[in-house]
Amino acid sequence: MNIALIGSGGREHALCKKINESKLVKKIICIPGNAGTSQLATNIDADILNFDKILKLIKIHKINLVVIGPEEPLVKGIVDFLKKNDVKVFGPNKYASKLEGSKAFMKMICAKNNIPTAKFKICSKIKQVSSFLNSCQVPLVVKADGLAAGKGVAICKTKKEVIKISSEIFKGKFKSSRKVVLEEFLDGEEASYFVIVDKNNFKFFGTAQDHKRVYENDQGPNTGGMGAYSPAPLITKSLEKKIISKIIKPTLKALKKKKNPYTGFLYAGLMIKHNEPYLIEYNIRMGDPECQVIIPRLKTDIVKIFNNVTSNKLINTKIKWKNKKCMTIVLCAKGYPGKYKKNLKIKNIKKINLSKNDFIYHAGTKLLDDMLLSNGGRVLNITSIGFNFLKIRNKILSFIKKLNWKDGFCRKDIGWKVIKK
Ligand code: AMP
Ligand code: GLY
């Protein structure tokens with residue numbers, strides 16, 4: 001089979017490597033890919049929102065299956081477009097993608113189906129915000145309705161701040177959002193739960209915990225994710241039962257009822273409070289960097305899984321996992337998530353001796369001749385699997401030390417919740 005993979009992050013490098021391990025695969029193209037995927041696949045530089053161009057590439061390269069990594073093309077309807085053109089594609093359609101593309105849509109699904117989530121109010125005018133404020137307490141979470149590249153959420157400690165942030169959103173701070181979702185602040189521990197879904201069934205696809213804040217001890221602004229580990233010990237068997245019965249099943253049932261059954265990866269971002277799960281957000285794709293710690297633990301051929309999903313035979317697929325732990329630390333360009341430079345040389349990558357349990361997944365990287373250059377804020381994901389989170393982290397940190405990339409930084413405390421001092 002020939003496979004096209006859309007995206008250019010660490011998530012896509014991890015997927016690309018796993019796809020490349022499948023005996024079913026002849027050729028992979030990555031659109032646009034990064035320096036890491038270029039070692040396994042043919043990178044083609046094209047705009048991932050130019051669906052006509054992508055279709056042309058799919059025809060030229062005789063692609064049998066398209067796998068979509070990031071949310072934006074999904075929310076904009078790439079799956080509907082490709083299916084209409086008889087292309088087999090893995091991922092949710094435009095309607096189902098509103099679970100991530102519109103926080104108001106996700107919240108309405110929760111409200112109508114009794115899915116546990118923070119109490120909320122959807123506002124489209126500042127007047128609605130002010131009158132809601134009269135009846136509630138701070139802290140309050142203010143969210144832009146549409147996609148905002150992880151920047152659309154603010155936890156406000158004062159009512160004044162709520163008004164300020166809401167006004168900015170109404171004034172068009174995020175193009176995709178004309179509505180604001182105000183939410184009760186939930187105090188608990190976050191964890192991510194993944195499933196893979198076809199029209200008829202779903203299967204477990206791992207758990208993970210991400211680290212969203214840029215600095216150690218969870219300080220500083222939010223990022224796309226500074227590191228992750230899998231599995232998340234917080235998600236016990238009894239909690240998992242609740243996640244499935246109270247959150248996953250009612251959501252999938254609701255979309256089926258709307259005649260738009262969900263298919264693809266579904267990522268539930270959860271807050272766990274008093275051993276009860278609350279849905280914070282849905283993502284309609286694998287997480288990044290969560291994917292980089294889940295995929296190395298997967299034993300089953302991922303292409304076989306994708307094929308069974310696209311033909312709605314997931315029920316026949318046994319998905320097997322390694323009984324090992326995995327962690328990744330994200331190496332970022334200095335300045336991220338604010339301003340940072342690109343085209344910074346990363347000289348020592350070949351000096352690192354990786355065993356079969358270690359992986360460097362590229363994110364924002366590119367090659368110029370033979371020199372590896374940075375090409376984004378999150379640059380490399382140093383990843384390792386083993387049996388002990390502390391040992392895994394120490395190994396990753398020793399690789400980062402060896403890399404000695406002067407223009408980069410990372411969090412050295414990834415996994416602090418599961419590594420007892
Ligand atoms: P989201 O983009 O919805 O995942 O929000 C980004 C981050 O904001 C989450 O990972 C949480 O850390 C935090 N957050 C979002 N909603 C809430 C909430 N209702 N209560 C507490 N924290 C929240
Ligand atoms: N790491 C968070 C996300 O992928 O949305």
Side-chain angles (χ1 to χ4, degrees), residues 7 9-12 14-15 68-72 74-75 97 99-107 110 115-121 136-157 162 165 169 174 176-177 180-194 206-214 218-230 232 265-273 276-295 328-330 332 337 361 363 377-378 381 411 414 417:
R11 167 182 51 210
E12 285 74 27
L15 287 170
I68 319 287
E71 61 279 13
E72 216 183 341
L74 291 167
V75 169
S97 295
L99 281 181
E100 177 169 0
S102 165
K103 293 200 188 280
F105 176 86
M106 179 283 253
K107 282 296 200 181
C110 289
I115 295 169
T117 189
K119 291 193 192 85
F120 69 99
K121 168 91 184 161
C136 69
Q137 290 180 342
V138 282
L140 209 62
V141 187
V142 181
K143 298 187 176 183
D145 175 45
L147 288 185
K151 298 190 177 86
V153 175
I155 294 164
C156 299
K157 293 203 180 86
V162 173
I165 304 232
I169 296 171
F174 306 103
S176 55
S177 309
V180 162
V181 179
L182 300 181
E183 260 184 45
E184 157 203 25
F185 176 79
L186 291 175
D187 198 8
E189 192 175 338
E190 280 182 73
S192 307
Y193 187 83
F194 297 83
T207 61
Q209 279 183 288
D210 188 10
H211 299 63
K212 290 216 166 96
R213 302 295 197 96
V214 69
D218 290 336
Q219 301 295 310
N222 261 342
T223 66
M226 296 297 292
Y229 54 86
S230 173
F265 289 123
L266 181 61
Y267 157 172
L270 306 166
M271 190 69 85
I272 314 299
K273 197 176 162 184
E276 284 297 324
Y278 293 84
L279 182 67
I280 293 266
E281 62 165 348
Y282 265 132
N283 293 316
I284 50 159
R285 51 174 172 84
M286 276 310 279
D288 185 339
E290 292 91 333
C291 186
Q292 294 88 306
V293 291
I294 288 177
I295 291 296
T328 191
I329 298 183
V330 181
C332 300
Y361 295 123
R378 293 192 294 170
N381 306 147
R411 270 182 67 165
I414 300 303
K417 285 191 181 112

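We count ligands from 1, going down the list as the structure has it; atoms in each ligand are counted the same way. Everything numeric in this text was worked out from a predicted model, so none of it was measured.
Atom CG of Leu270 is separated from atom CD of Glu276 by 12.0 Å, given to the nearest 0.5 angstrom. If you take NZ on Lys417 and CD1 on Ile414, they are separated by 10.0 Å, rounding to the nearest 0.5 Å. The NE2 atom of His211 sits 11.0 Å away from atom CD of Glu190, with the distance rounded to the nearest 0.5 Å.
In this structure a side-chain-to-backbone donor-acceptor pair under 3.5 Å is present from Arg378 to Gly225.
Proximity to Lys212 (heavy-atom distance under 4.0 Å) selects the following atoms of ligand 1: 10 (O). Listed by number with element, the atoms of ligand 1 under 4.0 Å from a non-hydrogen atom of Glu184 are 18 (C), 19 (N), 20 (N). Of all atoms in ligand 1, numbered sequentially from 1 with element shown, those under 4.0 Å from a heavy atom of Val141 are 16 (N), 17 (C), 18 (C), 19 (N), 20 (N). Every atom of ligand 1 with a heavy atom of Met271 under 4.0 Å away is listed here by number and element: 21 (C), 22 (N). Listed by number with element, the atoms of ligand 1 under 4.0 Å from a non-hydrogen atom of Glu281 are 1 (P), 2 (O), 3 (O), 4 (O). Residue-ligand proximity, Ala118 to ligand 1, at heavy-atom distances under 4.0 Å covers atoms 19 (N). Residue-ligand proximity, Lys103 to ligand 1, at heavy-atom distances under 4.0 Å covers atoms 1 (P), 2 (O), 3 (O).
Nearest to atom 7 (C) of ligand 1 by heavy-atom distance, out of Thr117, Ile280, Asn222, is Asn222. Among Leu186, Asp210, Val142, Leu270, the residue whose heavy atom lies closest to atom 21 (C) of ligand 1 is Leu186. By heavy-atom distance, the residue among Lys119, Glu183, Lys143 lying nearest atom 15 (C) of ligand 1 is Lys143.
Residues satisfying the side chain to side chain contact (heavy atoms under 4.5 Å, CB included) test with Ala208, not counting sequence neighbours, are Phe194, Ser230, Glu290, Val293, Ile294. Residues passing the side chain to side chain contact (heavy atoms under 4.5 Å, CB included) test with Glu183 are Lys107, Ala118, Phe120, Val141, Lys143, Val181, sequence neighbours excluded. Considering only residues two or more places apart in sequence or on other chains, Glu71 meets the side chain to side chain contact (heavy atoms under 4.5 Å, CB included) condition with Arg11, Glu100, Leu147, Ile284, Arg285.
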So Arg213 and Met226, side-chain contact (heavy atoms from CB on, under 4.5 Å) or not? Walk me through it. CA-CA 7 Å; Arg213 302 295 197 96; Met226 296 297 292; over 6 Å; no

### Task
Please assess Tyr267 against Met286 for the test side-chain contact (heavy atoms from CB on, under 4.5 Å), listing each intermediate value before the final yes or no.
CA-CA 6 Å; Tyr267 157 172; Met286 276 310 279; over 6 Å; no

Legend entry - Worked check of side-chain contact (heavy atoms from CB on, under 4.5 Å) between Lys103 and Val153: CA-CA 11 Å; Lys103 293 200 188 280; Val153 175; 4.3 Å; yes

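Enumerated by chain and number, the residues approaching ligand 2 to less than 4.0 Å through a heavy atom are Asp210, Gly224, Tyr267, Asn283, Arg285, Gly287, Asp288, Pro289, Glu290.
Applying side chain to side chain contact (heavy atoms under 4.5 Å, CB included) to Ile165 and the options Val142, Leu182, Leu140 leaves one that passes, Val142.
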